[in-house]
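Chain A is the first sequence line, chain B the second, and so forth, proteins listed ahead of strands; every chain is numbered from 1. Because the structure is predicted, anything quoted here is derived from the model rather than measured.
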Amino acid sequence: MNVADVIVDVPTMQTNTPYSYLIPDDLKGRLETGMRVVVPFGNGNRKVEGFVVGIGNLAQDKTTTLKSISSIMDLSPVLNNELIKLSSWMANKTYSFQISCLLTMLPSVMKAEYSSTVELIGEIDDKSLANRFKKQQVIPFDEDHFSKAEMAKLSDLKKRNQIKMTYHVQNKAKPKTELAILNQITDFAEVTQEISKNATAQIKLLKLLQKFPDQPLIQRKIVNENAISISAINNFVKKGFVKKIRVEKYRNPYKHQIVLNKPKKLNSDQQIAVNKVDRAIAQHHDRVFLLEGVTGSGKTEVYLQTIQHAINDKRQALMLVPEIALTPQMVGRVKNRFGSQVAIIHSGLSNGEKYDEWRRINQGEAQVVVGARSAIFAPLKNIGLIILDEEHDASYKQDDNPRYHTRDVAIWRAAYHHCPVILGSATPSLESRARAEKGVYDLILLPNRINQQSLPQVTIVDMTQEIEKHGDIFSTELLNDLKQTINQGNQVVLMLNRRGFSSFMLCRDCGHVLMCPNCDISLTMHLDSHTMKCHYCGFEEAIPNICPVCHSKNIRYFGTGTERAAQQLEKLIPEAKILRMDVDTTKRKGAHENILRKFGNHEANVLLGTQMIAKGLDFPDVTLVGVLNADTGLDLPNFRASERTFDLLTQVSGRAGRSDKNGKVIIQTFNPDNYAIKLASTQNYEKFFQKEMELRHLADYAPYYFTIKVTISSLSEHQAAKEAYQVSNYLKGNLEKDTIILGPTPRPIARVKSRYYYQIIIKYKRDQNLDQALKHVQQVSQKEIRKGLRIAIDPEPVNFM
DNA sequence: AGCACGCCGACT
DNA sequence: GTCGGCGTGCTC
């Protein structure tokens, strides 16, 4: 056991494989698989972080001389075998580097920080450079801190050994540690002879060591629990019988004095669902259940009770929710049921807090983990149940490398742990629902709202008939209902899926539309910040008074965002007290909770927001929901546009009438006959599913075909286009005949952050050559990649912009 | 990624 | 003639 296989933190195609390192004697016995290490890599004395993925003996046929591991970064492993296996599966499945997968599975503080220093050894004649070394011989090396001439001088000095570069790998993850001792004795009989008979403390310590010869013993515990003094321990250190080391300090699992909520009584549908899942938990069966329940049907109670069963079975539960549904309301329900056994991972935690929570889970102190996408990698060791709430939600797909889908990872982990998965939704993804149809998943229906509440009454308002009357935002019907609801003391949720005040500026004289200088997208006006903003790259500039092209004063702003809607509504209904909730008002930490708390306390009667208000909110006094423009998602260049619209409308409608009061929903649209809008108004998922399946079948899209999006981008449009055609030609020549290749085409928003994007869509049912062809593409384009080209391979993309 | 090696153009 | 530009290969 003298060699460790290490995945190094060098994310490239060529280094995407384990490298072998010798384990130096002083690290033997301490190094374990799953630990992070610092290793030398490449020329000079460059050091990088790496993950030990295996320990073994040096293969006989290895002729290369191996380098040695420099140091260990962790006191105990941060990865178990399951997660190491998962990372390699994931890398393969998402066409990404294993190191990227490993790093996304862990809290961000585990990614090392790199820096380097230069030490002056000889003399330098260069004046400016000599100045830098005036105060000290060792200075930090930062490439853009030195001029080009100085850099040249430095590399020259280095060649002549006049300076020395040192590379540092900083570990940002600093768990609390405490002193422990590690046994060094091999022959206990011999040592026993050596110790004087009246040294009682030493004899006691020796016996303790003999009992646990291989594990570190915590000094504090030896002193407190065995009544052995520190001086006896230090004596042993002097004699070389033990070595002092630092080990991670384990938190005391605190017992929370919290009144736990009792399980609620289930209706018969819920009971059937719970029973089915329970059976799978008990039988260690990795079954996938699709729990399809209308909004308000009590899915959460099913989750909570099945989680309880996993715990009763001495196993753990993992519950995933979309980030925006991770509201205090939802978290509260889980915490109140399971108390201190719950770990919550949400975006509001600082990196340090996330690390603490992660360690708690890793130490086995949490039995239930709740979190958004990345929580699927929680280091639970004995999972009995995995839940994906709102399984259709787009946020479950990671939009950059590694482009994994949480659902796939969940199913992989469930298979590993032999436990069931619940995919819950009122509007399942077509893929999941189709799988349930085929019997791959087990379909469980919750067709009724709990307590026999009726679904809210939904009215579709045709805005093409309304536009003349009140500007273009509020229809007469919605205004009347708003007034009525507010006067009755009830509350309203209004959704407008567009941020800002106006979505674009148009010059009436020359037709110029103000665009982002870095992206092919118009700038949105924000009154809050008095700027024109780009929603893609964050560019901001002052709001112009005149057209920047023809200098005409005749400029107008079009398109309505949440800001303008709020302003208009204040004018139209003065008694409306409005809370606005969108990316702009929730940026600050805790702002999200704040807004919802205020709304819950009736400090406002209208909650106006973007799609982030559609999910999970449960306010009993909301009796009216208004969708100001149901069309925003419909014309996106995405084959899931209808699905998204149906989902969004169904979700937001579900916010109305959740207690004993009846709810009403008004959907304003310019496409009153659109099937997604019509069917959402009756919450008819089944019919929508049938209709959408027909269309997907006709257009050869999911779930009938798998999709892969290949995006080629570069700062040079020419390079991107050229390479895109080369890639597409290669694929056309190497994929099977019934695989469909669309493109290359410029992406719908062809330029973002000054990069030009081309994309190719591959649609296939089964293609044996696909994997190899795509890997070939990644391999072959290395040259272009060096010149700034990027190739992103995205299996089952959710975003086409 | 980061470094060395090696091959070509523009300069004291 | 040499210096240094960048294209290419390699890292246990």
Side-chain angles (χ1 to χ4, degrees), chain A residues 1-24 27-28 31 33 35-73 88 91 96-103 111-118 125-126 129 140-170 401-402 714-716 719 723 778-791:
Chain A
M1 305 300 250
N2 50 4
V3 180
D5 285 329
V6 177
I7 299 287
V8 292
D9 180 20
V10 183
T12 67
M13 209 64 219
Q14 304 99 300
T15 52
N16 187 30
T17 179
Y19 285 78
S20 303
Y21 286 87
L22 293 173
I23 305 171
L27 301 184
K28 269 182 196 146
L31 189 72
T33 300
M35 283 179 168
R36 293 175 305 148
V37 288
V38 177
V39 291
F41 195 73
N43 299 309
N45 41 8
R46 183 183 171 208
K47 300 257 167 72
V48 296
E49 179 187 48
F51 289 87
V52 177
V53 294
I55 292 178
N57 289 306
L58 182 59
Q60 291 301 319
D61 55 336
K62 273 256 168 87
T63 49
T64 41
T65 43
L66 301 183
K67 289 184 182 176
S68 291
I69 289 174
S70 306
S71 61
I72 301 182
M73 294 174 76
S88 111
S96 50
F97 313 123
Q98 197 176 352
I99 186 67
S100 317
C101 296
L102 289 167
L103 288 169
K111 170 141 178 65
E113 246 164 30
Y114 298 104
S115 63
S116 47
T117 49
V118 211
D125 40 17
D126 186 278
L129 210 51
F141 177 75
D142 184 351
E143 191 142 343
D144 29 78
H145 222 245
F146 293 92
S147 71
K148 233 179 169 183
E150 287 174 324
M151 285 297 290
K153 198 81 199 162
L154 280 171
S155 77
D156 182 55
L157 286 165
K158 200 178 156 206
K159 265 185 212 139
R160 295 190 279 118
N161 284 325
Q162 298 290 297
I163 56 164
K164 192 182 151 202
M165 296 282 292
T166 311
Y167 297 82
H168 307 276
V169 179
Q170 279 111 298
N401 278 325
S714 165
L715 291 173
S716 139
Q719 189 194 25
E723 195 62 19
Q778 287 181 308
Q779 207 73 255
V780 156
S781 319
Q782 283 308 306
K783 264 187 244 162
E784 297 298 316
I785 286 167
R786 282 203 177 206
K787 285 188 248 167
L789 188 92
R790 283 185 211 157
I791 296 185

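In this structure, N16(A) contributes its side chain and Q98(A) its backbone to a donor-acceptor pair below 3.5 Å. Not one N or O on the side chain of S100(A) forms a donor-acceptor pair closer than 3.5 Å with the backbone of N401(A). When atom types are taken as modelled, the side chain of K67(A) and the backbone of G42(A) share a donor-acceptor pair closer than 3.5 angstrom. Listed for the N45(A) side chain is no donor-acceptor partner under 3.5 Å among the backbone atoms of Y167(A).
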Give every pair of a protein N or O atom and an N or O atom of nucleotides 3-5 of chain C that lie under 3.5 Å apart, one pair per line with the distance.
none

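The interatomic distance linking K67(A) (NZ) with dC10(C) (P) rounds to 15 Å, in whole Å. The nearest whole Å value for the distance from the CD atom in E784(A) to the P atom in dG7(C) is 11 Å. Between I785(A) atom CD1 and dT8(C) atom C1' there is a gap of 15 Å when expressed in whole angstrom units. In this structure, CZ of R786(A) is placed 9 Å from P of dT8(C), rounded to the nearest angstrom. Between the CG atom of N43(A) and the C1' atom of dG9(C) there is a distance of 11 Å, given to the nearest Å. Rounded to a whole Å, the CD atom of Q782(A) is 13 Å from the P atom of dC10(C). In this structure, K783(A) places its NZ atom 14 Å from P of dC10(C), rounding to the nearest Å.
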Working for side-chain contact (heavy atoms from CB on, under 4.5 Å), residues V3(A) and L22(A): CA-CA 5 Å; V3(A) 180; L22(A) 293 173; 4.2 Å; yes
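S20(A) contributes atom OG, which lies 12.0 Å from atom CD1 of I55(A) (distance to the nearest 0.5 angstrom). Here S714(A) contributes atom OG and R790(A) contributes atom CZ; the two are 9.0 Å apart, rounded to the nearest 0.5 Å. In this structure, NZ on K47(A) lies 8.0 Å from OG1 on T166(A), to the nearest 0.5 angstrom. Summarising the geometry, atom CD belonging to Q782(A) is positioned 7.0 Å from atom OG1 belonging to T12(A); distances are rounded to the nearest 0.5 Å.
In summary, of the residues considered (Q170(A), R36(A), E113(A)), a side chain to side chain contact (heavy atoms under 4.5 Å, CB included) with E49(A) occurs for R36(A) alone.
For residues 9-18 of chain A, proximity to DNA chain B is found at V10(A), T12(A), defined as any non-hydrogen atom under 4.0 angstrom from a strand atom.
The span of DNA chain B lying next to chain A, judged by atoms under 4.0 Å from heavy atoms, is bounded 5' to 3' by dA1(B) to dA4(B).
Inter-residue side-chain proximity for V37(A) and Y21(A) is flagged as unmet; no heavy-atom pair is nearer than 4.5 Å.
Among the heavy atoms of the strands lying under 4.0 Å from Y21(A) are primed sugar atoms or P, OP1, OP2 only; no base atom is included. Residue-level contact check: F97(A) touches neither bases nor backbone, having no heavy atom under 4.0 Å from any strand.
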